[in-house]
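I have placed the structure first, in the form of structure tokens, so that the comments after it can refer back to it.
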Number of protein chains: 2
Amino acid sequence: MLFHTLLRAFGRMRQVMDGYFAQYGISGPQWAVLSILHRAEQEGKSSLRLTDLGQRLLIQPPSVTGVIDRIERQGLVRRLASQTDLRSRHVSLTDQGRQLVERVLPGRAQQIRSLFAGLSEPERAGLTSTLEKLESQLGQLASDAARTVRTKGPEPAEE
Amino acid sequence: MLFHTLLRAFGRMRQVMDGYFAQYGISGPQWAVLSILHRAEQEGKSSLRLTDLGQRLLIQPPSVTGVIDRIERQGLVRRLASQTDLRSRHVSLTDQGRQLVERVLPGRAQQIRSLFAGLSEPERAGLTSTLEKLESQLGQLASDAARTVRTKGPEPAEE
DNA sequence: GTAATTTAGTTAGCGCACAAACTTGTTAGG
DNA sequence: CCTAACAAGTTTGTGCGCTAACTAAATTAC
């Protein structure tokens with residue numbers, strides 16, 4: 001049962017990673033935001049719009065609002081007004097947030113390595129390439145499914 | 001980025017499958033309960049305890065309570081008292097629930113096939129075996145992590 | 001230049017996961 | 001026995017995802 005196996009493996013991985021982030025008082029989704037802001041900083045952008053953040057996280061606007069609310073309350077992040085667009089708000093790391101990211105990062109890499117420690121190098125490579133292929137095809141399928149909420153037996157992916 | 005790729009692929013899959021179940025007015029987790037009860041029936045058990053259900057679903061007791069509450073309200077499932085243990089409650093499919101399962105099942109198989117339609121047979125086989133290996137190792141790692149909420153650089157999985 | 005549309009973000013309300021604390025019933029130990 | 005420990009479920013409160021509906025600002029259309 002491929003689908004079921006993937007479901008279980010994924011659940012386990014999240015469990016392990018969430019446990020790691022919890023040591024620093026943050027959740028997985030909160031980490032995702034912090035790390036994206038950190039990477040943006042290194043690319044020269046000191047802040048991002050909420051919308052851009054949502055696109056990178058693959059989540060909808062209301063979910064972004066919620067996550068940002070919580071890490072802002074913790075003082076890890078700050079909302080700033082945009083000069084050019086009064087609707088828009090930018091988010092940037094506070095000093096405290098930046099320091100947290102830098103404390104979390106090295107151990108996180110370790111943790112991810114340990115997740116896949118049981119696999120050989122060729123296995124890891126095969127998994128990566130297969131998953132990438134899978135994901136690109138699921139992209140269309142997902143957007144199809146979002147619209148088609150009636151048909152019973154669709155046969156979209158042919159190749 | 002293996003971890004990230006897996007995360008994205010999984011998110012897409014859930015999106016597609018949830019869309020399918022939504023056509024029948026139920027969610028993914030609700031389907032999981034119904035299908036487990038259906039399989040149990042075919043193995044001769046007309047009902048399961050909430051605890052057993054939780055173990056098969058890999059979710060905690062309060063989550064089971066919630067999902068059952070909602071599908072019981074929809075009339076798909078029924079809570080029954082146990083003869084042998086007054087604390088325990090059993091859950092079984094109603095006629096309506098059983099009929100729903102039988103309507104959903106065939107299309108679901110189709111849907112799962114279409115998820116993986118972009119992969120060749122050897123790719124599917126490789127993915128399955130790698131994921132199974134991965135999952136078995138993550139089992140211990142997850143239970144370790146649940147206890148170890150202090151150490152920074154664990155090196156558990158060696159082989 | 002005003003009206004209609006689109007875009008950015010939030011609010012409201014729901015589903016589903018969790019941990020912690022609780023109730024009630026069962027089992028073990030003295 | 002009767003108390004202590006354990007087990008089955010539920011309640012409470014939180015996080016995070018969603019859709020639908022909203023406010024306010026920007027853009028486009030006319």
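Here is the naming used below: chain letters follow the sequence lines, and residue numbers restart at 1 for every chain. As the structure is a prediction and not an experimental result, all values here were calculated from the model.
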Between CG of A:L80 and P of C:dA8 the distance, given in whole Å, is 18 Å
Checking D:dA25, D:dG15, C:dG15 against the side chain of A:D85 (C-beta onward), the nearest is D:dA25
Rounded to the nearest 0.5 Å, the CZ atom of A:R98 sits from the CD atom of A:E41 at a distance of 4.0 Å
Q: Give the C-alpha distance, both sets of side-chain angles, the deciding distance and a yes or no for side-chain contact (heavy atoms from CB on, under 4.5 Å) between A:L57 and A:V67.
A: CA-CA 11 Å; A:L57 293 165; A:V67 179; over 6 Å; no
Rounded to whole Å, the CD-C1' distance (B:Q30 to C:dA17) equals 14 Å
What residues 3-11 of chain A contributes to the DNA chain C interface at heavy-atom separation below 4.0 Å is none
Quick note, A:T65 side chain, CB onward, closest among C:dT11, D:dT10, D:dC18 is C:dT11
Contact class for B:P29 vs. all strands (heavy atom < 4.0 Å): base, sugar-phosphate, or nothing?
sugar-phosphate
Looking across every strand, which nucleic acid part, if any, lies under 4.0 Å from B:S88 by heavy atom: base, sugar-phosphate, or nothing?
sugar-phosphate
Taken to the nearest 0.5 Å, the spacing of A:I36 CD1 from A:L48 CG works out to 8.0 Å
note: B:Q60, atom CD; D:dA8, atom P; distance rounded to Å ~ 13 Å
Note: for A:R87 and B:R14 on DNA chain D, the residue whose nearest nucleotide lies more 5' is B:R14
- request: Determine the contact category for A:V67: base if any of its heavy atoms lies under 4.0 Å from a base atom, sugar-phosphate if only primed atoms, P, OP1 or OP2 are that close, otherwise nothing.
  value: sugar-phosphate
Result for 5'-nearest mapping on DNA chain D, choosing between A:G28 and A:L86, is A:G28
When rounded to whole Å, the CG to C1' distance for the pair B:L57 and C:dC18 reads 15 Å
Does D:dC16 have its OP1 or OP2 closer than 4.0 Å to a side-chain nitrogen or oxygen of A:S63? no
task: Before giving the answer on salt bridge (charged side-chain N to carboxylate O under 4.0 Å, His left out), spell out for B:K133 and A:E123 the whole-Å C-alpha distance, their side-chain angles and the decisive distance to 0.1 Å.
output: CA-CA 10 Å; B:K133 191 167 170 185; A:E123 281 172 328; 3.1 Å; yes
Taken to the nearest whole Å, CZ/B:R70 to C1'/D:dT10 is 14 Å
Here the distance between atom P of C:dG25 and atom CZ of B:R89, to the nearest Å, is 12 Å
Note: B:D95-B:R78 ion pair, threshold 4.0 Å (strictly below): no
Among D:dG17, C:dG15, C:dT10, the one nearest any side-chain atom of A:I59 is D:dG17
CA sep, side-chain torsions, deciding dist, call: B:S129, B:E132, side chain to side chain donor-acceptor pair (under 3.5 Å):
CA-CA 5 Å; B:S129 80; B:E132 272 165 3; over 6 Å; no
Hydrophobic cluster membership, with links at side-chain heavy-atom distances under 4.5 Å among I/L/V/M/F/W/Y: are A:F3 and B:L105 in one?
yes
B:I26 atom CD1 is separated from C:dC16 atom P, nearest whole Å, by 10 Å
Rounded to whole Å, CZ of A:R73 lies from C1' of D:dT14 at a distance of 10 Å
So what does B:T51 touch, heavy atoms closer than 4.0 Å: a base, only the sugar-phosphate, or nothing? sugar-phosphate
Item checked: Working for salt bridge (charged side-chain N to carboxylate O under 4.0 Å, His left out), residues B:D52 and B:K45 -> CA-CA 12 Å; B:D52 298 333; B:K45 292 180 189 159; over 6 Å; no
| message | Is there a side-chain contact between A:R49 and the phosphate of C:dA8, meaning an N or O under 4.0 Å from OP1 or OP2? | response | yes
